[in-house]
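Each remark here refers to the structure printed beneath this line.
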Amino acid sequence: MLLTFTNGVHPQEFKSWTNNSPVERLPFFADYVIPLSQHIGAPSKSLVRKGQYVARGEKIAEPGAYVSVAYHSPVDGVVSAVELAEHPGGKMVPSIKIKADPFSSQRLEKKPIDWKSLTKKEFADHLQNSGMVGLGGAAFPSHVKFAVPDDKKCDYLIINGCECEPFLTADHRVMAEYPLEVMRGIEMLQYFLTPKKTFIGIEANKKDAINILQLEANKHPELAVEIVSLEVKYPQGAEKMLISAILTNEVPSGTIPLDGGYLVSNVGTVAAIAEYFDSGKPLIERVVTVSGSNIKRPANLLVPIGTSMQELLNACGGFKSSDFGDSARILLGGPMMGMAQKSLDVPVVKGTSGVLALGVLEVPGRNTFQCIRCGRCLEACPMFLNPSTLGLLAKKGLYEEMLEENLMDCMECASCSYVCPSGIPLVQSFRVAKAVNRERKVA
Amino acid sequence: MTALAGIATAGLFMGGLGFSLAALLAYANRKLYVEEDPRIDAVEEMLPHSNCGACGEPGCRSFAEVLVNKEAEPGKCTVNTVEMTQSVADYLGVDVGDHDKQVARLACAGGSHVAYFRAKYEGLKSCRAAAVAGGGKGCTWGCLGLADCETSCDFDAIQMNKFGLPVVNENLCVACSDCVDSCPKDLFSLQPVSHQLWVACKSLGFGDEVEADCEVVCTACERCAVDAPEGLIKIRNNLAIIDYEKNELASKVAIERCPTGAIVWLKKGGDSIIKGTGAKKVIRMEPLPRVA
């Protein structure tokens, strides 16, 4: 009996298109755009001027506040501008544009860092300066996440290898190809966080990754890592769902997992942390899955941060049908929570786990009908909310009343929108409600 | 007989009870009567009863109370007609106060015939929802055209035109600022009608790059700033900003050489918009095709 949480949905996986393709390194292209707010928190401050030569891995922006990270050049090249540029989130944000040196090499002039001699504070500073953020999608700065306050304790370290979104196989490939880095990262985190127990949670559809990591874990018995195979269900990879699946404990509303002694980290982040301390390579590239029925050659790619989406899609053979049609859609991230894009000029950012080009088949034109009160959304919601009532309140614009229905517990996993037979865009209306409530609170 | 007596007793009892409770109520009405200035009722009658909140008060009655207490001037009500405001002032024996008419103005002219759409937006049909998801328009700053302002306007002063842009009827607009609050892109602002020079754009982009998304964008070419009297127009973050403190200096000189027609001269009465002679002519009347 596989472990899992209550409720949730079973979307079709579509993972077989890429789950066996090894990670390929993407060559350098001519132009890179590094937005200065790819992470959650205050925007970073640029350290470079127009015309300045930057080396690969050189720091080009420093953190603007505590909840903010540094940025590094993904390539040797010349800064062509520091100006507003489009961000996948739909806004224009200050960005550093870099024209790549055509002779840029993959070489990195960095040294390993003796992490065992660091204090906790220095470890966090190193993470901040390496530009480390959560690679699962939210891009929350890692140094904030791993800075456990004195009054709290990390009892359970949970490494998240679920990757429950359909299509995406980036974390799967990281686990299958970089098991050593994953273990090294766990060793480092254990050294600084001293958890009682460490788990790696993986959905059962990634048998090869489970086996490879188990072999690696057997080589390091001192780490005492337990690899947990979980039921294939969405949103298994949400941290509160993962905790409830592995430890059968619920994280109470309004608290963060750390209050209960849990710390959940994405497996890609752990590997990137190990890479940083072992080779000195800051976060300048990440594994991205490019997939979808409208892509000629779906693949897993090691992509420098800042690569334009157009180049990335060209590297995968481009679109199958040049005629876009009205239903075709480009998504950054998975199909459940990813952001639809209006242009291909946006760069790959630190939180981009996948780029999907969905065709007409996967995006049926949906009409919206009245809520028929069937209750399917209640059975789907992993946070035990009532999306039906929330949706009706949102329709009437009663955003403040939605707070009493625990709107803020909604993590926008879109399970309710997925099962709704009336095609109501529930999660979008919740996001509007959250945005309006935030505005009213400020005003 | 007994049945009849029973009915009579019940009737008497209920009647007595009703009478005594009525007497109690009548006594309470006298005893607990709240003395209220009768002028409040009179003034409220003269106010427009729209409860729009443009004056800053929650409704017309509380504005009437404020007026009677002489804490505000009748001119603060932007909805009332000039005659009615005058009669309120005469009744209370106070000054009318400033009655500078304000209207809501949209800082975007990018209708579907001049602004390119890069994608088709399929989510919730509201601007605020489209703003959360990004919207389909090429320009990040421009009007999303899903009519949140039209819905929010209680005075029917805003109508969407065939290019998907809201048009404000200056005669109906009472400057209640509901549209200002409803626009997720902050394109509406309240302006005195005397502000005739107007930059109908909020784009912070520069040059050809933004012109590729919209034909009537402010490209920050600085011609208006150079032509206008010293200090009237400044370019801030690639956008022409008019300093309305110096509004009396404003003239049509500033708009003449604008290449896109982003800066315009609004005729009094709000029925026509004058673009400079240098602005490229937009003769297209159908929506632009979508570009990938």
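Within every chain, numbering begins at 1; the chains are lettered A, B, ... in the order of the sequence lines, protein sequences first and strands thereafter. Please read these numbers as outputs of a predicted model, since none were measured by experiment.
A pairwise comparison of heavy atoms in B/Gly138 and A/Lys342 identifies O-NZ, 4.0 Å as the closest pair. Of all non-hydrogen atoms in A/Val432 and B/Ala129, the two that sit nearest each other are CG2-CA, 3.3 Å.
Summarising the geometry, atom CG belonging to B/Asp181 is positioned 9.5 Å from atom CZ belonging to A/Arg440; distances are rounded to the nearest 0.5 Å.
Ranked by heavy-atom pairs shorter than 4.5 Å toward chain B, the options A/Met339, A/Glu83, A/Glu86 are led by A/Glu86.
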I'd like a table of donor-acceptor pairs (distance under 3.5 Å, sequence neighbours excluded) in which one partner is a side-chain atom from residues 212-225 of chain B, with atom names and distances.
from, atom 1, to, atom 2, distance (Å)
B/Asp213, OD2, B/Arg118, NH2, 3.3
B/Glu215, OE2, B/Arg284, NH2, 3.1

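In B/Lys280, the NZ atom is crowded: over 12 heavy atoms of neighbouring residues, nucleotides or ligands sit closer than 6.0 Å. More than 12 heavy atoms of other shown residues, nucleotides or ligands fall within 6.0 angstrom of atom CD1 in B/Ile241. More than 12 heavy atoms of other residues, nucleotides or ligands lie within 6.0 Å of CG in B/Asp243, so this atom counts as buried by the packing criterion. Under a cut-off of 6.0 angstrom, the local environment of CZ in B/Phe206 is sparse, with at most 12 non-hydrogen atoms contributed by other residues, nucleotides or ligands. For A/Gln370, the CD atom counts as loosely surrounded, since its 6.0 Å shell holds 12 or fewer non-hydrogen atoms of other residues, nucleotides or ligands. Counting heavy-atom neighbours within 6.0 Å of B/Asn69 CG, excluding the residue itself, gives a total above 12.
For residues 126-142 of chain B, the side chain to side chain donor-acceptor pair (under 3.5 Å) pairs, not counting sequence neighbours, are A/Glu439-B/Arg128.
With sequence neighbours excluded, the residues forming a salt bridge (Lys or Arg N to Asp or Glu O under 4.0 Å) with A/Lys434 are A/Glu412, listed by chain and number.
Contact residues of residues 90-100 of chain A toward chain B are A/Gly90, A/Lys91, A/Met92, A/Lys97 (heavy-atom distance under 4.5 Å).
Proximity to chain A is limited to the side chain of B/Tyr121, based on heavy atoms less than 4.5 angstrom apart.
Using a distance-only test at 3.5 Å, with no hydrogens or angles considered, no donor-acceptor pair links the side chain of A/Gln428 to the main chain of B/Gly123.
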